[in-house]
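Here's the structure, in structure tokens; my notes come after.
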Amino acid sequence: MVEHDLGGVGIWTFAFDGQPVGRVREAAAEIEVLGYGALWFGEAFGRDTVGQAWLLLGATERLVVAAGIANAALRDPMAMATAEHALGEAYPGRYLLGLGGQRVGGRSVEADGYTIPSGGKPLALMRGYLDAMDAVPQYGPRPDPAPRRVLAALGPKMLALAAERTWGAHPYHAPVEHTAEARRIMGSEAFLGVEQVVVLDADRARAREVARAHVGGYLESAPHQVANMRRFGFGDEDIAGGPSSRLVDSVVAYGDIEMIGERVRQHLDAGADHVCLQVLTADPTALPLPQWRELAALARDSSFAPAAIG
């Protein structure tokens with residue numbers, strides 16, 4: 001059995017969608033050389049999750065490539081299961097499938113004139129989607145080891161389902177208090193890989209404005225994010241009219257590398273196995289390579305305990 005570990009610190013990004021494939025390959029290879037153990041990528045209106053995974057896995061040799069997340073609204077469970085098998089066979093131990101998306105988000109979402117329909121109640125939909133994936137016959141060689149799955153989980157019931165049916169959970173845009181609660185709900189054995197938004201800028205006011213715009217966009221378009229903030233004590237005064245500084249500070253870490261490292265440490269101490277950093281900059285169209293290079297010191301820090309796939 002092949003085993004690849006994620007390390008304590010990885011990268012999470014949407015930035016590849018705006019870049020040509022050659023640039024993406026170069027950046028992924030550099031992320032591996034820098035010492036990160038895992039590279040997470042989102043899925044929206046750029047490359048589809050399966051194509052992006054092939055691109056990133058083919059450009060690297062050891063890096064774990066993680067869908068964070070593959071949108072269940074965009075493909076049939078059979079298509080997802082057979083793609084998972086193919087990626088797992090081609091790159092043993094290196095592909096991690098995160099599942100979630102608007103189909104299980106409870107309502108339709110419209111962006112740029114395109115509507116992603118809702119499929120209904122999130123918990124029942126995700127359970128059914130997993131059942132359908134598991135029921136797909138496997139012809140040909142079986143991946144060894146079998147690919148791992150995690151769920152994009154925030155609420156208590158989805159976290160419990162993640163622990164019951166998959167390797168664990170991948171919470172997104174959540175405070176450290178959520179990490180502790182997720183660990184309590186899922187128990188000690190489930191994997192917990194949390195996304196952490198960061199702005200590497202010592203000017204706190206400038207960094208907070210970049211962060212505020214980012215967080216505000218999610219609160220306007222993602223009801224599940226609003227619900228999660230309310231679970232942790234944030235009210236209308238924090239959410240309405242733009243996120244409060246208190247809310248932004250709970251979700252985004254900013255400052256120098258030491259301050260960001262402290263937030264990573266807080267998540268690990270609260271029960272996370274792995275923290276993947278989503279870097280924000282004033283120019284969202286640019287690859288944040290300078291920041292990834294600087295933050296790589298955290299990935300190479302042996303005091304951050306690794307989590308393993310395999």
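Owing to the predicted nature of the structure, the values given are computational and were not obtained by experimental measurement.
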Practice item. Test side chain to side chain contact (heavy atoms under 4.5 Å, CB included) on Q291 and L280 and set out the steps. Key: CA-CA 9 Å; Q291 291 84 0; L280 302 183; over 6 Å; no
Check your understanding: Does R127 pair with E164 as a salt bridge, N-O distance under 4.0 Å?
Key -> yes
Review point. Centroid-to-centroid, H173 to H214, below 6.0 Å?
Key: yes
Check your understanding: With distance as the sole criterion, is a donor-acceptor pair present between the side chains of D283 and T285 under 3.5 Å?
Key -> yes
Practice item. Indicate yes or no: does R265 engage E262 in a salt bridge with an N to O separation below 4.0 Å. Key: no
**Study point:** Side-chain donor/acceptor of Y95 to backbone N/O of V65, under 3.5 Å
**Key:** no
Point to revise | Counterpart residues, side chain to side chain contact (heavy atoms under 4.5 Å, CB included), relative to R142 (two or more places apart) | key: Q138
Point to revise | Donor-acceptor under 3.5 Å (E32 side chain, R62 main chain) | key: yes
Check your understanding: What heavy-atom pair brings R212 and S245 nearest, and what distance separates the two atoms?
Key -> NH2-OG, 3.2 Å
Revision key, fill the gap. CZ (F41) and CZ (R47) are apart, to the nearest 0.5 Å, by 10.5 Å
Exercise for review: Could you tell me whether the side chain of H274 reaches within less than 4.5 Å of the side chain of F191, counting heavy atoms only?
Suggested key: yes
Exercise for review: Write down the atom of L159, the atom of H178, and the distance for their closest heavy-atom approach.
Suggested key: CD1-NE2, 4.0 Å
Review point. Are L96 and W167 side-chain neighbours, meaning at least one heavy-atom pair lies under 4.5 Å?
Key: yes
Review point. Would you call R23 and E26 a salt bridge, taking side-chain N to carboxylate O under 4.0 Å as the test?
Key: yes
Check your understanding: How many angstroms lie between atom CD of E294 and atom CG of L34, to the nearest 0.5 angstrom?
Key -> 12.0 Å
Check your understanding: Are V176 and L298 connected in a single hydrophobic cluster, I mean Ile/Leu/Val/Met/Phe/Trp/Tyr linked by side-chain heavy atoms less than 4.5 Å apart?
Key -> no
Practice item. Is it possible for you to say whether V21 and W54 belong to one hydrophobic cluster, with membership spreading through side-chain heavy-atom contacts below 4.5 Å? Key: yes
Check your understanding: Is there a side chain to side chain contact (heavy atoms under 4.5 Å, CB included) between S250 and F232 once you walk through the steps?
Key -> CA-CA 10 Å; S250 75; F232 290 91; over 6 Å; no
Check your understanding: Between the side chain of E30 and the main-chain N/O of R25, is any donor-acceptor distance below 3.5 Å?
Key -> no
Review point. Can you tell me how far the CG atom of L192 sits from the CG atom of L268, to the nearest 0.5 Å?
Key: 9.5 Å
**Study point:** Side-chain heavy atoms of T281 within contact of V210, under 4.5 Å
**Key:** no
Exercise for review: Enter the distance from E84:CD to L99:CG here, rounded to the nearest 0.5 Å.
Suggested key: 7.5 Å
Review point. Hey, does R149 have a side-chain heavy atom less than 4.5 Å from the side chain of M133?
Key: yes
Check your understanding: Salt bridge between R208 and D203, side-chain N to carboxylate O under 4.0 Å?
Key -> no
Review point. Which heavy atom in A169 sits nearest to a heavy atom in M186, and how many Å separate them?
Key: CB-SD, 3.6 Å
Check your understanding: Could you go step by step and tell me if T49 and R75 meet the side-chain hydrogen bond (donor to acceptor under 3.5 Å, both in side chains) rule?
Key -> CA-CA 10 Å; T49 191; R75 58 192 58 82; 5.5 Å; no
Study note, to complete from the structure: Using a 4.5 Å side-chain heavy-atom cut-off and chaining through intermediate ILVMFWY residues, the residues clustered with V136 come out as M78
**Study point:** Closest contact, heavy atoms only, A211 versus V248
**Key:** CB-CG1, 3.6 Å
Review point. Are L151 and L154 grouped together when hydrophobic residues (ILVMFWY) are joined by side-chain heavy atoms under 4.5 angstrom apart?
Key: no
Check your understanding: So do E43 and I69 actually touch side chain to side chain, heavy atoms under 4.5 Å?
Key -> no
Practice item. Return yes when atom CD of E237 has more than 12 non-hydrogen atoms of other residues, nucleotides or ligands closer than 6.0 Å, and no otherwise. Key: yes
**Study point:** Between OG1 on residue T13 and CG on residue L277, distance to nearest 0.5 Å
**Key:** 11.5 Å
Point to revise | Whether H170 and W12 hold their rings parallel, tilted or perpendicular, with breakpoints at 30° and 60° | key: parallel
Check your understanding: Minimum heavy-atom separation for L289 to A27, with atom names?
Key -> CD2-CB, 4.4 Å
Check your understanding: How are the rings of F16 and W292 set relative to one another: parallel (under 30°), tilted (30 to 60°) or perpendicular (over 60°)?
Key -> perpendicular
Check your understanding: Do R263 and I260 pass the side chain to side chain contact (heavy atoms under 4.5 Å, CB included) test, and can you show the C-alpha distance, the side-chain angles, and the key distance before you say yes or no?
Key -> CA-CA 5 Å; R263 181 67 65 89; I260 292 171; 5.7 Å; no
Practice item. Starting at OH of Y129, measure out to CG of D134 and round the result to the nearest 0.5 Å. Key: 11.5 Å
Review point. Heavy-atom distance under 4.5 Å between the side chains of R206 and V199, does that happen here?
Key: no
**Study point:** Heavy-atom side-chain proximity of I185 to P156 below 4.5 angstrom
**Key:** yes
Check your understanding: Which is it for L247 and V215 under the side chain to side chain contact (heavy atoms under 4.5 Å, CB included) test, yes or no, and what are the steps along the way?
Key -> CA-CA 9 Å; L247 190 154; V215 175; 3.7 Å; yes
Revision key, fill the gap. Looking only at heavy atoms, the pair that brings C276 and W40 closest together is CB-CD1, 3.4 Å
**Study point:** Side chains of P92 and P143 in contact at under 4.5 Å (non-hydrogen atoms)
**Key:** no
Check your understanding: Do side-chain atoms of Q225 reach the backbone of Y172 as a donor and acceptor pair under 3.5 angstrom?
Key -> yes
Check your understanding: So if you build clusters from Ile, Leu, Val, Met, Phe, Trp, Tyr with side-chain heavy-atom gaps below 4.5 Å, do V252 and L219 land together?
Key -> yes
Review point. Can R183 and D269 be counted as an ion pair, charged N to O under 4.0 angstrom?
Key: no
